[in-house]
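Taking it in order: structure first as structure tokens, then the write-up.
Computed over heavy atoms, backbone and side chain alike; hydrogens, waters and symmetry mates excluded.
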Amino acid sequence: MTKLPKNIRIGRNGRVGILKKIPRDLWQHPRYASHAKVIERSTGAIDVEEGIRLATSMLQDFDLEFATARAEIQSAAVSDDGRQRLRADFAKTRKASDDQTIRSDLSPHRRTRVAEKTRREILDAAMKEFAAKGLNGARVDAIAARTSITKPMIYYHFGSKEKLYAAVMEEAYGGVRSKEQDLNLGALTPVDAMRRLVEVTFDHHAEHPEYVRLVSGENIEKGRHIAGRPSLVERNAIAIDTVRDLLDRGEKDGTFRSGIDPWHLHFLISSYCFMRVSNRYSWRAVFDKDLWDQTDVPAQREMIVDVIMRYLNPHIAP
């Protein structure tokens, strides 16, 4: 068995965690006053090598946290404002402790709902952080700062920053797929359904530039963090099935020409909607043209719809 570094252990559940003593000079700090004198945290990782890496990072974070707490104590010793702030921190710490006690008394069903809400909050914050800074630039500390959730709890739910990033990518792709599935295209004629699909794709990309930034960043990473994720492949296959179904219906009633590859059509729609978001700033710099000029956006939206419908029209030569 691999010899574990100091303060790192494997819990009864087989997950790697840390066991860190709170320094005696910090026992009276509001952040630690309601704690036991030893901090236990799980990395959420079962793989020992990965767990040690995560645990080492967590221990380093605690060293920095302890140093910050010492500075706060020294500041509070000479500052009335500092003493008031520490008292406020103490109240906040006690409330968090009380909230944790309440959560432990919840029924299994409500605990599941709390866990789902926690994961949702983490994903929303992580999506903003990863979209702004990319995988390498994003920090779990910054993600935690965007939420009411601690850094160890983020690791507990997702295991590592890389796994959280992969979950965010799946969430980003899932957003546009869910939007498509909510359209009830089967109730529309093939022509109206196709127009609606293109319009919603255009609108979704415009409303969610973080999705475009995330996908652009993952392409820089050569797709290695999302490759081989069956759930992601399955959800995105639905997009092609949706286009294929519309093409089949339109071909049967004579409104669409035959022989169109659904992959190619999906690519055509997505590329236009994606590029106007991804290249917004470079176009403004090079062409002095703002692709997000609100007076021009309706014309852009109608143009992609018109291009697609002309491409599908059986009476217009491709």
Backbone N/O of [Y] and side chain of [X]: donor-acceptor pair under 3.5 Å:
| X | Y | answer |
| --- | --- | --- |
| Arg301 | Phe202 | no |
| Tyr272 | Gln300 | yes |
| Lys161 | Leu135 | yes |
| Gln294 | Trp292 | yes |

Is the shortest heavy-atom distance from the side chain of [X] to the side chain of [Y] under 4.5 Å?
| X | Y | value |
| --- | --- | --- |
| Leu164 | Ile143 | yes |
| Leu312 | Val191 | no |
| Asn7 | Ile18 | no |
| Met194 | Thr255 | no |
| Phe287 | Asn279 | no |
| Arg249 | Lys252 | no |
| Thr147 | Thr118 | no |
| Asn136 | Glu221 | yes |

Quick check for you: to the nearest 0.5 Å, what is the distance between [X] atom [atom1] and [Y] atom [atom2]?
| X | Y | atom1 | atom2 | value |
| --- | --- | --- | --- | --- |
| Thr242 | Leu247 | OG1 | CG | 11.0 Å |
| Arg280 | Ser282 | CZ | OG | 11.5 Å |
| Leu291 | Asp296 | CG | CG | 8.0 Å |
| Lys20 | Ile8 | NZ | CD1 | 10.0 Å |
| Asp241 | Asp248 | CG | CG | 10.5 Å |
| Leu268 | Cys273 | CG | SG | 9.0 Å |

Arg196, Arg310, Glu199 screened by side-chain contact (heavy atoms from CB on, under 4.5 Å) with Val305, the one that passes |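 Of the listed options, the one satisfying the test is Glu199.
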Could you tell me whether [X] and [Y] make a salt bridge, using a distance below 4.0 angstrom between a side-chain N and a carboxylate O?
| X | Y | result |
| --- | --- | --- |
| Arg195 | Asp192 | no |
| Arg120 | Glu171 | yes |
| Arg146 | Asp124 | no |

Least distance between heavy atoms, [X] atom then [Y] atom:
| X | Y | value |
| --- | --- | --- |
| Ala126 | Val168 | CB-CG2, 3.6 Å |
| Asn313 | Arg257 | O-CD, 4.1 Å |
| Gly17 | Ala55 | O-CB, 4.3 Å |
| Val277 | His205 | CG2-O, 3.5 Å |
| Ala142 | Glu129 | CB-OE2, 3.3 Å |
| Ala138 | Lys133 | N-CB, 3.8 Å |

Same cluster or not: [X] versus [Y], using hydrophobic residues (I, L, V, M, F, W, Y) connected whenever any side-chain heavy atoms lie under 4.5 Å apart?
| X | Y | value |
| --- | --- | --- |
| Val286 | Met275 | yes |
| Leu246 | Phe267 | no |
| Trp263 | Ile238 | no |
| Phe256 | Val307 | yes |
| Ile240 | Ile308 | no |

Pair Val297-Arg276, side chain to side chain contact (heavy atoms under 4.5 Å, CB included): steps then yes or no = CA-CA 10 Å; Val297 169; Arg276 66 174 297 274; 3.6 Å; yes
I would like to know whether Tyr165 and Met127 meet side chain to side chain contact (heavy atoms under 4.5 Å, CB included); could you show each step before the answer?
-> CA-CA 8 Å; Tyr165 172 78; Met127 183 171 292; over 6 Å; no
Audit row: Lys128, Glu210, side chain to side chain contact (heavy atoms under 4.5 Å, CB included) steps and yes/no | CA-CA 7 Å; Lys128 294 183 177 67; Glu210 72 280 0; over 6 Å; no
Taking the six-membered ring of Phe130, is the NZ or CZ of Arg213 close enough (under 6.0 Å from the centre) and on axis enough (within 45°)?
-> no
For Asp253, does the CG atom sit with more than 12 other heavy atoms under 6.0 Å from it, leaving out its own atoms?
->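 Yes - once you tally the heavy atoms of other residues, nucleotides and ligands closer than 6.0 Å, there are more than 12.
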What do the steps show when you test Glu251 against Ile260 for side chain to side chain contact (heavy atoms under 4.5 Å, CB included), and what is the final call?
-> CA-CA 10 Å; Glu251 185 177 339; Ile260 297 176; over 6 Å; no
